[in-house]
Protein chains: 4
Amino acid sequence: MNIHSVAPKRPDLDRLLIDSALALFAERTYEGTQMPAVAQHAGVGVGSIYRYFPSKEALGNAAFRYAKRTLLDTLAEALADGGPAGTAREEFARFWRGFTRYASAHPDAFVFLEHQQHDTFLDPESRALADELHRVAADFIERGQHAGAIRDGDAEQLVGLALGAFTGLVKLARPAGGLDALPAEDLDRAEAAVWDLLHRKADR
Amino acid sequence: MNIHSVAPKRPDLDRLLIDSALALFAERTYEGTQMPAVAQHAGVGVGSIYRYFPSKEALGNAAFRYAKRTLLDTLAEALADGGPAGTAREEFARFWRGFTRYASAHPDAFVFLEHQQHDTFLDPESRALADELHRVAADFIERGQHAGAIRDGDAEQLVGLALGAFTGLVKLARPAGGLDALPAEDLDRAEAAVWDLLHRKADR
Amino acid sequence: MNIHSVAPKRPDLDRLLIDSALALFAERTYEGTQMPAVAQHAGVGVGSIYRYFPSKEALGNAAFRYAKRTLLDTLAEALADGGPAGTAREEFARFWRGFTRYASAHPDAFVFLEHQQHDTFLDPESRALADELHRVAADFIERGQHAGAIRDGDAEQLVGLALGAFTGLVKLARPAGGLDALPAEDLDRAEAAVWDLLHRKADR
Amino acid sequence: MNIHSVAPKRPDLDRLLIDSALALFAERTYEGTQMPAVAQHAGVGVGSIYRYFPSKEALGNAAFRYAKRTLLDTLAEALADGGPAGTAREEFARFWRGFTRYASAHPDAFVFLEHQQHDTFLDPESRALADELHRVAADFIERGQHAGAIRDGDAEQLVGLALGAFTGLVKLARPAGGLDALPAEDLDRAEAAVWDLLHRKADR
DNA sequence: AATGAATGAGCTTTCATTCAT
DNA sequence: AATGAATGAAAGCTCATTCAT
């Protein structure tokens with residue numbers, strides 16, 4: 001029962017196009033994806049893309065930024081969920097939940113973001129966003145190190161290791177249906193394993 | 001009348017071309033790399049590439065297979081080094097040394113191999129090779145689990161996590177000069193962290 | 001309940017569209033002018049153009065014919081003004097006044113008509129109109145030659161020269177505000193000059 | 001008997017392309033000419049154009065500049081021919097010869113140059129060249145006025161009238177085979193007519 | 001009747017591949 | 001054997017035209 005008597009024919013075509021682009025970029029790379037393929041995936045004509053994005057490059061950047069922002073938002077929400085986090089382990093659990101939620105909801109987007117070949121088309125604004133995730137994660141690592149809960153070492157490197165591990169899991173699970181298709185038990189075990197990657201061992 | 005009259009003017013031009021291709025593929029993707037760019041990087045004319053490889057696709061597959069085989073060889077060598085491995089921890093150390101050596105010697109190749117977007121051009125033979133590494137690693141994981149040294153869980157998933165972690169480190173180190181530029185201490189710490197990712201905790 | 005309920009909201013929208021088309025065609029060529037640009041210039045939606053003209057080509061032909069007919073009408077009026085012309089010089093003055101009036105009132109249209117690149121879109125009916133002006137002018141030349149007032153030579157060529165000269169003046173004056181912006185004195189001098197182009201010199 | 005044993009397969013392809021472009025631009029406008037048409041006219045593949053010119057716009061500017069420079073050169077040569085010019089009438093004859101020679105040799109180029117719709121694609125360098133011809137001609141007019149041989153009035157306007165007249169003649173002659181197809185007598189008469197357009201009448 | 005978002009044929013441009021030198 | 005100019009199929013993009021609102 002919609003109040004609006006005149007619903008737009010295609011609501012949010014820009015979002016639809018970004019989703020299509022992400023799906024294809026994840027599968028075949030930005031460079032390997034043709035505009036007609038994006039149009040077909042979205043069920044629109046090629047020309048329509050250009051009503052929303054002035055060029056393929058613009059579409060690529062919009063998709064990248066949308067994906068990155070959504071990931072950051074999901075993460076921020078997960079981190080805030082449940083009031084102030086107590087221990088580093090608990091905060092890590094929130095990170096894990098955030099990533100898991102995002103990778104489940106947007107597997108294409110997550111895979112696309114973790115491609116490393118963005119140099120060819122990212123504009124300065126996108127580049128600025130690109131590092132934000134690492135900053136947030138590195139901050140968590142450093143606080144954990146001060147609290148004695150996380151092992152010593154360069155925070156950036158620990159982020160690289162942990163994020164890489166998670167990415168490895170997502171890549172593996174993807175062809176089989178994504179993270180959602182994994183038994184909950186497996187996800188828990190993976191979480192424990194990555195925590196051990198970061199965790200400072202009590203003795204010694 | 002030159003004694004060397006039959007010697008090829010450019011020995012191993014195929015290798016040179018593969019190296020150039022790997023360097024560019026790692027930087028800009030297979031699809032984002034033009035044949036003239038490969039030729040220029042190798043310092044030869046475009047036409048010459050086609051004397052060695054019948055098509056771009058063939059070059060891509062040759063590069064992929066060369067990189068994968070070299071990684072497997074390096075790994076096999078590292079695993080065999082020092083006679084039969086004793087503990088799982090020691091075998092892990094050999095794995096680590098193998099990966100480290102390879103990623104140091106061929107950073108481009110390693111990054112290229114860890115792209116996941118090979119679906120567009122890999123032929124069946126290359127695809128068959130693609131899983132070999134995971135098989136070798138999963139075998140190690142399974143033996144370690146039987147010996148009680150490695151945590152429970154799907155071996156494939158543990159491989160994904162550990163290999164992903166290592167890849168995350170390489171990606172991070174790459175712009176700054178690669179793994180070689182990292183302090184030895186950092187590498188050791190990373191090794192310990194990834195081992196803890198796999199290691200079964202003694203108590204509890 | 002409006003008395004004018006049956007009156008068209010926009011009277012003469014076809015004329016408005018033709019004027020817009022002429023303005024843009026003069027500036028950027030028929031081929032270089034996009035339908036949306038015509039719509040915007042006329043302050044209507046693109047779709048509305050197609051209510052009045054079935055295609056761009058039809059609009060182009062309508063604009064051409066309208067401009068040409070208006071020029072011929074203006075000329076006919078100027079030639080008839082003041083009763084039967086006496087001398088060739090006087091008839092020439094009427095021609096001059098006709099052209100001047102038209103080029104002042106419709107500078108875009110005049111410039112458009114004097115483009116020579118109409119071959120791509122003019123239909124047969126338009127083509128037939130195209131030569132009318134030259135016919136009228138050539139007739140005047142021939143009568144003048146019989147009367148001994150205009151120099152010998154091919155009448156068509158003399159028309160080409162005289163009309164070309166006038167066009168050269170309009171093109172020059174156009175960026176500076178058109179013929180209207182020219183001092184009256186300059187226009188008179190130009191008229192005298194073009195007359196001398198046609199005039200048979202008294203002696204010899 | 002060519003000294004060079006290895007003649008280039010296609011000498012001066014850039015010139016050939018410019019000539020083709022000029023022929024088509026003259027016929028159908030810059031905007032109305034497609035790159036494949038230029039390629040076909042030149043007897044080469046479309047891709048080859050882009051080896052010589054980075055874009056259609058670049059080709060358009062190159063063609064414009066080439067045509068304009070050649071016209072200016074032809075004119076300069078004609079003006080210098082026969083030592084210092086004596087009277088204004090003689091100098092005018094040289095101008096006439098220069099224009100005539102050029103329009104005969106390059107009718108397409110001349111027509112293209114006299115289109116007025118270059119605003120859409122000319123770059124600043126081309127624009128600078130565009131006025132050169134008028135400068136040279138206006139200088140001649142002013143000197144002639146000082147010498148009492150050319151009628152009073154704005155020099156620019158007189159140039160516009162005279163050049164326009166010549167252009168009118170070329171346009172007329174073009175479909176019938178160009179200036180060359182005109183009887184010499186007609187050309188002489190036209191020259192006399194245009195001179196009378198400029199000439200100051202001796203008595204009043 | 002008027003609108004402008006949507007369309008896809010067609011245009012500009014790129015690039016894997018060929019081949020005369 | 002090596003080259004790189006030449007090619008044309010295919011990619012990115014534009015714009016005349018349609019049609020649901």
Can you name the side-chain contact (heavy atoms from CB on, under 4.5 Å) partners of [X], sequence neighbours left out?
X         : result
Glu31(C)  : Thr29(C), Thr120(C), Thr29(D), Glu31(D)
Arg15(D)  : Asp12(D), Asp19(D), Tyr66(D)
Ser126(C) : Asn61(C), Phe64(C), Arg65(C), Leu122(C), Asp123(C)

Legend entry - Protein proximity profile, nucleotides 10-17 of chain E - base contact B, sugar-phosphate-only contact S, no contact -, cut-off 4.0 Å on heavy atoms: -SBBBSSB

Between [N] ([atom2]) and [X] ([atom1]): distance, integer Å:
X        : N      : atom1 : atom2 : value
Asp12(A) : dA6(E) : CG    : P     : 11 Å
Ile49(C) : dA1(E) : CD1   : P     : 17 Å
Gln40(D) : dA6(F) : CD    : P     : 18 Å
Leu13(D) : dG4(F) : CG    : P     : 18 Å

Inset, instruction - List in chain and number order the residues that pass side chain to side chain donor-acceptor pair (under 3.5 Å) with His41(A), two or more places apart in sequence or in another chain; answer none if no residue qualifies. - result: Ser20(A)

Legend entry - Contacts of Tyr50(D) that satisfy side chain to side chain donor-acceptor pair (under 3.5 Å) - sequence neighbours left out: none

Legend entry - Basic-acidic side-chain contact under 4.0 Å: Arg174(B), Asp108(B): yes

Inset, instruction - Kindly write out the residues that satisfy ring pair (Phe, Tyr, Trp, His ring centres under 6.0 Å) with Phe25(D), not counting sequence neighbours, or none if the list is empty. - result: Tyr30(D), Phe112(D)

Inset, instruction - Please state whether the phosphate of dA1(F), meaning OP1 or OP2, lies under 4.0 angstrom from any side-chain nitrogen or oxygen of Tyr52(B). - result: no

Inset, instruction - Enumerate the residue pairs fulfilling salt bridge (Lys or Arg N to Asp or Glu O under 4.0 Å) with a member in residues 41-62 of chain C, sequence neighbours excluded, ordered by first and then second residue. - result: none

Inset, instruction - Whenever both distances are under 3.5 Å in a Watson-Crick or G-U wobble pair, mark it; put DNA chain E into dot-bracket that way, with [ ] for crossing pairs and | when the partner is on another strand. - result: .||||||||||||||||||||

